[in-house]
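Not measured: the values here are computed from a predicted model. The basis for the numbers below is simple: all heavy atoms, side chains too, and nothing from hydrogens, waters or symmetry mates.
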Amino acid sequence: MTNTVPGYSPLFGEVRGLARKTASKGKKAASSSIQSLIKKQVGSGFFKFMSKLANKFGDNGDMGSVGLAGDESQRAREIAKALKQAYPSATDAGIAGILGNWMQESRLSPSAIDSADHGTGLGQWTFTRETGLRNWLKKHGYAWDSAKGQLEYALHEPGESGAFKAVLRMTNPAAAAKKFFAGWESGGNEDATGGTRISNAEAAYKAIKGHAKGGRINSNELSIVNEKGWELFKPDTGGLMIPHEASEKIINGQNKKVSIDARTNLIVQGNADSSTVTKVDERIEKRNNELIEKLRQVLGANDEGGLIV
């Protein structure tokens, strides 16, 4: 650089202590010298502040390995875990909004390929965006169908990562799904699947959060239960999910030894006409009903044979 301002060093010219570095020193030496020079000008507190800012809004986390297996509910939980590790500002609601769209696009399969437009992966990247995805994955050593690679690319995709992260920070799954569909996913060319994407997002939100602390399950809605590994539960009507501790008490109650005296004493004097027989039947039926009700109260059973709280 030849043009200079009197009294100042060139902005991109020679800086004392950094000029004429030999190639063997490499980028690390230059970077270290630059940081030392900046610290002298702004103080070390600047770097601490920027570090805290990056922790809050940046991509400082490592999502670790991402192995997607099982049903959509299991894959949703694994993707959510990875995104939270890589981007700590991500919320369950924001992640669910994105997954609600991706469930519609790829069923959360990183190897999905759309035969119509060659949409690729979890987010069904197409055309120039697909080219960008594949080039980035190859450059960074990922297979084209790597779930981790695709998630990392979504967090760093040129021109799109800002919108992706903005949705990740949202606090309402339905609103997040709607915003993601309108922007990142369709670029404003939304089709008639918006309602499905919102429903998917709400289901993904519940799958991510689970019901370990109890809560209601809506009619015709998929939810996770945990008996022998993760299982899906889709009730025909609304119901109440009972927390683990309360469930244990109810289930353990079935093991109580119950002693019920089922004897019915009946004395008939003289001839038993039809009215007498009717009265006998009514008395026996009443007694049996009383015993059944007592049994229900002890075991905690309802009319359908299920358990009540």
>> Between Lys165 and Tyr87, is there a side-chain heavy-atom distance shorter than 4.5 Å?
In response: yes
>> Just so I know, are the side chains of Leu155 and Leu168 near enough to count as touching, which here means a heavy-atom distance under 4.5 Å?
In response: yes
> Using the ring of each side chain (for Trp, its six-membered ring), is Tyr153 parallel, tilted or perpendicular to Trp136, with breaks at 30° and 60°?
Replying inline: tilted
> At their closest point, which heavy atom of Ser106 faces which heavy atom of Gly121, and how far apart are they?
Replying inline: CB-O, 3.4 Å
>> Could you measure the distance from the OG atom of Ser186 to the CZ atom of Phe180? Nearest 0.5 Å is fine.
In response: 10.0 Å
> Taking the side chain from Glu202 and the backbone from Ser199, do they hold a donor-acceptor pair closer than 3.5 Å?
Replying inline: no
> With a 4.5 Å limit on heavy-atom distance, are the side chains of Ile208 and Leu99 in contact?
Replying inline: yes
> In terms of hydrophobic clustering (I, L, V, M, F, W, Y; side-chain heavy atoms under 4.5 Å; direct or indirect links), are Ile198 and Met170 co-clustered?
Replying inline: no
>> Less than 4.5 Å apart, side chain to side chain, heavy atoms only: is that true for Trp144 and Pro110?
In response: no
>> Between Ile95 and Val167, is there a side-chain heavy-atom distance shorter than 4.5 Å?
In response: no
> Roughly how far, to the nearest 0.5 Å, is the CG atom of Asn172 from the NZ atom of Lys179?
Replying inline: 12.0 Å
> Is there side-chain contact between Ile284 and Glu282, with heavy atoms separated by less than 4.5 Å?
Replying inline: no
>> Just so I know, are the side chains of Asn101 and Asn200 near enough to count as touching, which here means a heavy-atom distance under 4.5 Å?
In response: no
> Salt bridge check: are Arg134 and Glu130 linked by an N-O gap of less than 4.0 Å?
Replying inline: yes
> Step by step, would you call Met103 with Arg197 a side chain to side chain contact (heavy atoms under 4.5 Å, CB included)?
Replying inline: CA-CA 8 Å; Met103 288 164 71; Arg197 294 167 189 262; over 6 Å; no
>> For a side chain to side chain contact (heavy atoms under 4.5 Å, CB included) check, start with the C-alpha distance between Lys81 and Gln85, then their side-chain angles and the critical distance, and finish with the verdict.
In response: CA-CA 6 Å; Lys81 178 182 177 182; Gln85 290 178 328; 3.9 Å; yes
> In Å, rounded to the nearest 0.5 Å, how long is the span from CD of Glu157 to CD of Glu152?
Replying inline: 13.5 Å
> Any sub-3.5 Å donor-acceptor pair from Arg107's side-chain atoms to Glu72's backbone N or O?
Replying inline: no
> Is the backbone of His118 close enough, under 3.5 Å, to the side chain of Thr120 for a donor and an acceptor to pair up by distance?
Replying inline: yes
> Which heavy atom in Leu83 sits nearest to a heavy atom in Leu151, and how many Å separate them?
Replying inline: CD2-CD2, 4.2 Å
> Tyr142 versus Gln150: any side-chain heavy-atom pair under 4.5 Å?
Replying inline: no
> Quick one: do Phe164 and Ile79 end up in the same hydrophobic cluster if we chain Ile, Leu, Val, Met, Phe, Trp and Tyr together by side-chain heavy atoms under 4.5 Å apart?
Replying inline: yes
> If you look at every heavy atom in Ala176 and Gly94, which pair is closest and at what distance?
Replying inline: CB-CA, 4.1 Å
> When you look at Ile113 and Gln124, which way does the side chain to side chain contact (heavy atoms under 4.5 Å, CB included) test go after all the steps?
Replying inline: CA-CA 7 Å; Ile113 295 290; Gln124 289 294 279; over 6 Å; no
>> Do Arg129 and Trp184 form a cation-pi contact, if we require the NZ or CZ to be under 6.0 Å from the six-membered ring centre and within 45 degrees of the ring's axis?
In response: yes
> At their closest point, which heavy atom of Gly119 faces which heavy atom of Thr126, and how far apart are they?
Replying inline: CA-CG2, 3.5 Å
> At their closest point, which heavy atom of Trp102 faces which heavy atom of Gly123, and how far apart are they?
Replying inline: NE1-CA, 3.3 Å
>> Test side chain to side chain contact (heavy atoms under 4.5 Å, CB included) on Gln104 and Phe181; report intermediate values, then the result.
In response: CA-CA 11 Å; Gln104 176 69 23; Phe181 185 31; over 6 Å; no
